[in-house]
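One structure is given here, and the rest of the page talks about it.
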Amino acid sequence: MLAEDSVLLREGLIGLLSRFGHEVVSAVGDAQALVAAVEDHAPDIVVTDVRMPPDFQDEGLNAAVRLRRKHPALPVLVLSQYVQRTYAAELLDSGDGSGVGYLLKDRIGKVEEFVAALHDVADGGTVVDPEVVRQLLRRRRDPLERLTPREREVLALIAEGKSNAAIAEELVVSEAAIGKHIGNILTKLDLPLTDGTHRRVLAVLTYLRA
């Protein structure tokens, strides 16, 4: 089962897979058609791109995650130009973690590498591009590790709803010092440049998720 919005690439993959003795039972160009085709054909493996119509964001990968939730044993190989971290980790964790792969198109050096990965995933293996692993590990890194102990302390007090003045009083420092700590916290957490109040809320959410 093949899902790829580019007609040329889709037809090329059909020809390639046929040349290596595989039957493509259905080839579609959007995520909705992918889900429907899997239900109709019960394929041995799904090969899908990440970005597909209508919004070209993460429709293909999102569909793959939903399919694995419903069919945990369904082998899925994602073949994409992008690492979509939102759903990539969820896909790789789906089922028991077997029969799943995520490869980057531009990093496949030989056709044989792709076919070998396809066989591995179909047989229940896990194949993941090292670049995908690197980006997922970077995403999972504790965002608070860049903060000093004092900055963590200030952030914890912000999370309790305390004002700058109240924090300064509790820590026995000046309010200006607290303002400086908060500025450092917002910078180190790479929060978007919005108004100060909104950034404080985002900082608290980051603290609570860590």
Side-chain angles (χ1 to χ4, degrees), residues 1-140:
M1 174 68 231
L2 177 63
E4 166 62 55
D5 65 284
S6 169
V7 175
L8 290 177
L9 184 54
R10 187 166 68 239
E11 292 300 318
L13 284 171
I14 292 173
L16 172 66
L17 292 170
S18 298
R19 180 156 60 90
F20 280 86
H22 299 287
E23 179 188 359
V24 178
V25 295
S26 181
V28 300
D30 63 78
Q32 185 175 355
L34 166 61
V35 173
V38 167
E39 299 302 329
D40 290 341
H41 297 282
D44 295 323
I45 185 171
V46 168
V47 179
T48 182
D49 194 2
V50 168
R51 297 186 177 183
M52 305 182 77
D55 298 323
F56 294 95
Q57 296 296 319
D58 52 22
E59 290 86 351
L61 185 53
N62 189 5
V65 170
R66 287 186 281 120
L67 285 169
R68 288 276 291 187
R69 286 176 186 160
K70 188 172 182 179
H71 308 286
L74 174 67
V76 173
L77 174 60
V78 172
L79 184 63
S80 180
Q81 290 179 307
Y82 313 95
V83 180
Q84 174 49 267
R85 292 180 291 182
T86 304
Y87 291 108
E90 189 173 353
L91 175 68
L92 296 174
D93 289 339
S94 62
D96 60 359
S98 64
V100 66
Y102 198 129
L103 298 179
L104 298 179
K105 296 175 183 176
D106 293 341
R107 288 169 57 88
I108 297 175
K110 298 179 181 179
V111 169
E112 290 78 10
E113 293 178 3
F114 166 64
V115 175
L118 185 77
H119 290 167
D120 286 345
V121 172
D123 290 339
T126 302
V127 180
V128 185
D129 189 291
E131 176 63 16
V132 176
V133 175
R134 188 183 70 82
Q135 292 203 31
L136 291 178
L137 287 176
R138 185 175 63 188
R139 180 177 185 266
R140 290 181 173 182

How far apart are the C-alpha atoms of E90 and L61, what are their side-chain angles, what is the distance that settles it, and do they pass the side-chain contact (heavy atoms from CB on, under 4.5 Å) test? CA-CA 10 Å; E90 189 173 353; L61 185 53; over 6 Å; no

Using salt bridge (charged side-chain N to carboxylate O under 4.0 Å, His left out) as the criterion, list what pairs up with R66, not counting sequence neighbours. none

Pairwise salt bridge (Lys or Arg N to Asp or Glu O under 4.0 Å) hits with a residue in residues 11-26, at least two apart: none

Can you measure from CG (L91) to CG (N62) and round to the nearest 0.5 angstrom? 10.5 Å

Residues passing the ring pair (Phe, Tyr, Trp, His ring centres under 6.0 Å) test with H119, sequence neighbours excluded, are H22

What I'd like to find out is whether the side chain of V132 reaches to under 4.5 Å of the side chain of V78, using heavy atoms alone. no

Could you list all the side chain to side chain donor-acceptor pair (under 3.5 Å) pairs where at least one residue sits in residues 38-58, not counting sequence neighbours? E39-H71, D49-S80, D49-K105

A side-chain contact here means heavy atoms from C-beta on lying under 4.5 Å apart; do Q32 and P53 qualify? no

Atom pair CG (D5) and CZ (F56), whose distance is rounded to the nearest 0.5 Å: 5.0 Å

Side-chain heavy-atom pair V127, F114 within 4.5 angstrom cut-off: no

List the residues meeting salt bridge (charged side-chain N to carboxylate O under 4.0 Å, His left out) with D30, not counting sequence neighbours, and say none if there are none. none

Using the test salt bridge (charged side-chain N to carboxylate O under 4.0 Å, His left out), find all partners of E131 that sit at least two apart in sequence or belong to another chain. R134

Residues pairing under salt bridge (Lys or Arg N to Asp or Glu O under 4.0 Å) where one sits in residues 106-117, two or more places apart or in two chains, turn out to be R107-D129

Listed by chain and number, what are the side-chain hydrogen bond (donor to acceptor under 3.5 Å, both in side chains) partners of S98, not counting sequence neighbours? D96

For residues 87-107, pull every pair meeting ring-ring contact (aromatic ring centres under 6.0 Å, His included), keeping only residues two or more places apart or in separate chains. none

